[in-house]
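Here the structure comes first, spelled out in structure tokens, and everything after it is commentary.
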Amino acid sequence: MTRTDTPAAGAQPLLELTDLHVYYGNIEALKGVSLTVGRGEVVTLIGSNGAGKSTTLRAISGTHKPRSGTIKFEGREIQHLPAHEVVTFGIAHSPEGRKVFSRMTVFENLQMGAFSRREKIDDDITRVFDLFPRLRERRSQKAGTMSGGEQQMLAMGRALMAHPTILLLDEPSMGLSPILTEQIFKIIAEINEQGTTVLLVEQNALMALHAAHRGYVIQTGKILLADTAANLAANEQVRQAYLGEI
Amino acid sequence: MDPLMRRAIITGLLGGAAVIHIGLIGMIDAFQSRDTIADVLTLGALLPILIALLIGWRSGGPMRAPHIIPTGRRAVALGALGGGTTGLVITALALFTTTIDVRWILSNASPSLAEELWYGQGAALGSVLVIVVSAAAGAAGAALHVIPGTIARALTVGGITAILVALMEPFVVAVLRNIGLRFLEGIFYAQGGLTLIGFVLVFAITAAGTYAWATRGRETKQRVAAMPPDRRRTGKLVVYFVLTAFLLVLPQIVGSRLSEVVGTVGLYILLGLGLNIVVGFAGLLDLGYVAFYAVGAYTTAVLTSAASPAFSPELPFFGALPFVIVAAMLIGLMVGTPVLRLRGDYLAIVTLGFGEIARILFLSAWAQPLVGGAQGILSVPPPIPFGRDPQSIYYPILFFCILAAVAARSLQGSRVGRAWNAMREDESVAEATGINTVTYKLLAFGLGAAFGCISGALFATKIGTVFPVSFDLLVSINALALIILGGMGNIAGVIVGALVLVGLPELLREFSEFRLLIYGMVLVTMMLLRPEGLLPSRSRRAELHEREDAEDQYEDEAGEETGQPVVTT
């Protein structure tokens, strides 16, 4: 179900990365990445291991500072802001490897997700529980004792608790069974329909391109291709490199 | 050879090695002077028996690899084998000391040690007795696995309590005299230990109480939980009232000597509560906590003492306290800021350095004009209107302990406490959920420093003088050890840890030669048997048992495939 209902490209993108360079020590992980995400879109960033997908998300959320380049969110430059302030702008990051607070309960994890907001969170909890009924059943269970799929749901739910305008999802399908993966992607679509923009990083290019409006292919720190998801899925190069076809 | 028997013998030999060790360092000889049960058992004779008991408990217990659980008579027999092996080694030691004279190198390897090991009997009868008694103790230890868990626990608690009550004879006697129950003294105590009747009574009462709590405790708790809220609140108030009344009259009950000990424990409770914020709540391992204790003590001394070298405003204690707290919080931020980026081991090493720097600074010639160098600062006044005798100084200490406990408790449940908790688990994720980790780390350092400096301030007024030697590394280590022992992250645990780690050694001062040995043994044993501490916080417990639970689960799964774990009878 490749999506064709691309929202009309607004005058100004919600998120805009321009010539982003990110280093780990002396190693250049991003060598001038530029990409845009429009309001209401699902955009995916696909590429192989070590291509710089997670690094891009970390740069956006402020957990790893870029050396040069700009990140604009709703027209404001945010690349110099610390992570805990970036959240308050409406950017929530669900990190790779479903890093939940494993010794806290499901409920406490969700509570932590809303740490940046000082209002009542009951409605948001209900919303997350409606999206992930499994979490409602396990609300007082220790997060570390849950299965991988449940932890992934919790990591996403926790990110949603911040009321994000844009949700950064890092490899939500990693280590999950095909059935669970499908379920997770269905929920991503649901979250998007409820009005949240999604930037999705995936190794599972096939699923990601199915779920997204547009996509970028990243290789060794550079954007290789940028197109609609449908075109990328049809692209010969992409099919050979990432969709496992010869 | 059967792996269980092999283990029993090896464990027994280890027990023997332990007895040889404590025998040759003179511990048995030193403890001979005190009776545990008057005319029946000296403390010195009790030690090898306790070791044999422990060996039996280990020998008769479940085995991990291969997974075998001995049951019934076999377990008891294994315990007897382990204990008996220990007894054999003890006999060998006694024979050795009577035949070969090595006193020129091991001064305690004397015939008198042999006499003590043989219970004062001759070589032949003594040897048989030692082996039989050790084997019996081993069997009893193993039997703890065989009888129902609640009974085993009750017996253990009863035994430990009875021995402790016997050990604390001088203090219990003093308390009995103070509260007008002098007539009990003759029934319970004789010759520095419990009488046989006293021992049996203490043992029976505590064992019965433990058993009753284990079997009925849950029921009682449920009944309390089922009570209407207003009645529950009244009940709580009554408990608090009784507790407060008890704490208020405590110095009068226990007398001057014990009040002194209680005061020291109180200072360490304050230190522990403060360090617990840094280490237990925020997860920042600080090994230089003594620095804050020292800053608190010195600032108080400079501000209140008339003999302070440079300037002496001679403020009253409570007038100086705000300055002391501000000074310590500033130092806390000074230490905290440069180490913000460090984690775990690195943080520990750097803070360790800071602690030493503080001590050396106070000792230095550079700071001498202000703080007096090695001469220190004398005549620090007591916190007026209280005197300096232990029974009066107790009250300000109690006041600040309660204040600190209440503050720590409300912090734990607050937004700040949750932020610390998240930070401890995963710093970068915490940051990404909107926690300003820099602010919260500094807050932890600052608050921890404030608690530590109050403790230091009280310490200075309690002893009336301040010297650099009081602020060595051992204070930091003690404070850390007591929160680890009590249960990290838990306030009640801190209090229990301070009582055990600071209070007990003070009470057992007559054995001060062996104090560090006992201290080390307690710590090692605790880490093996109960790494989460005596009263762990919920999350800390989960943390430390995660792997075990996972292993158990793995074993269960493996067991399902290959059949149940082997059970031999």
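Only this structure's heavy atoms are used, side chains among them; waters, hydrogens and symmetry mates stay out. Residue numbering restarts at 1 for every chain, and letters A, B, ... go by the order of the sequence lines.
- The nearest pair of heavy atoms linking A/S116 to B/G434 is CB-CA, 4.4 Å.
- Of all heavy-atom pairs between B/A419 and A/F115, the closest is CB-CZ, 3.6 Å.
- Of the listed residues (A/Q111, A/E85, A/M161), the greatest number of heavy-atom pairs within a distance under 4.5 Å of chain B belongs to A/Q111.
- Rounding to the nearest 0.5 Å gives a distance of 9.5 Å between CG of B/N421 and CZ of A/R103.
- A 6.0 Å sphere centred on CZ of B/R415 holds more than 12 heavy atoms belonging to other residues, nucleotides or ligands.
- Top candidate by heavy-atom pairs under 4.5 Å with chain B, chosen from A/H64, A/R117, A/K99, is A/K99.
- The two atoms that bring A/P95 and B/V429 nearest to each other are CG-CG2, 4.2 Å, heavy atoms only.
- To the nearest 0.5 Å, atom CZ of residue B/R418 and atom CD of residue A/E108 are 9.0 Å apart.
- Within a 6.0 Å sphere centred on CG of B/L528, heavy atoms belonging to other residues, nucleotides or ligands number more than 12.
- Contact detail for A/S102 and B/E425: the closest heavy-atom pair is N-OE1, 2.8 Å.
- Looking at A/T88, neither its backbone nor its side chain comes within 4.5 Å of chain B, counting heavy atoms on both sides.
- Inter-residue side-chain proximity for A/P82 and B/E431 is flagged as met; some heavy-atom pair is nearer than 4.5 Å.
- Between A/R58 atom CZ and B/S428 atom OG the span is 8.0 Å, to the nearest 0.5 Å.
- Residue A/T63 comes nearest to B/A432 through the heavy atom pair CG2-CB, 4.2 Å, listed as atom of the first residue, atom of the second, then distance.
- One distance of note links NE2 of A/H84 with OG1 of B/T433; it measures 11.0 Å at 0.5 Å rounding.
- Within 6.0 Å of atom NZ in A/K65, more than 12 heavy atoms from other residues, nucleotides or ligands are found, so the atom counts as buried in its surroundings.
- In terms of heavy-atom pairs under 4.5 Å with chain A, the best-connected choice from B/N436, B/T437, B/V438 is B/N436.
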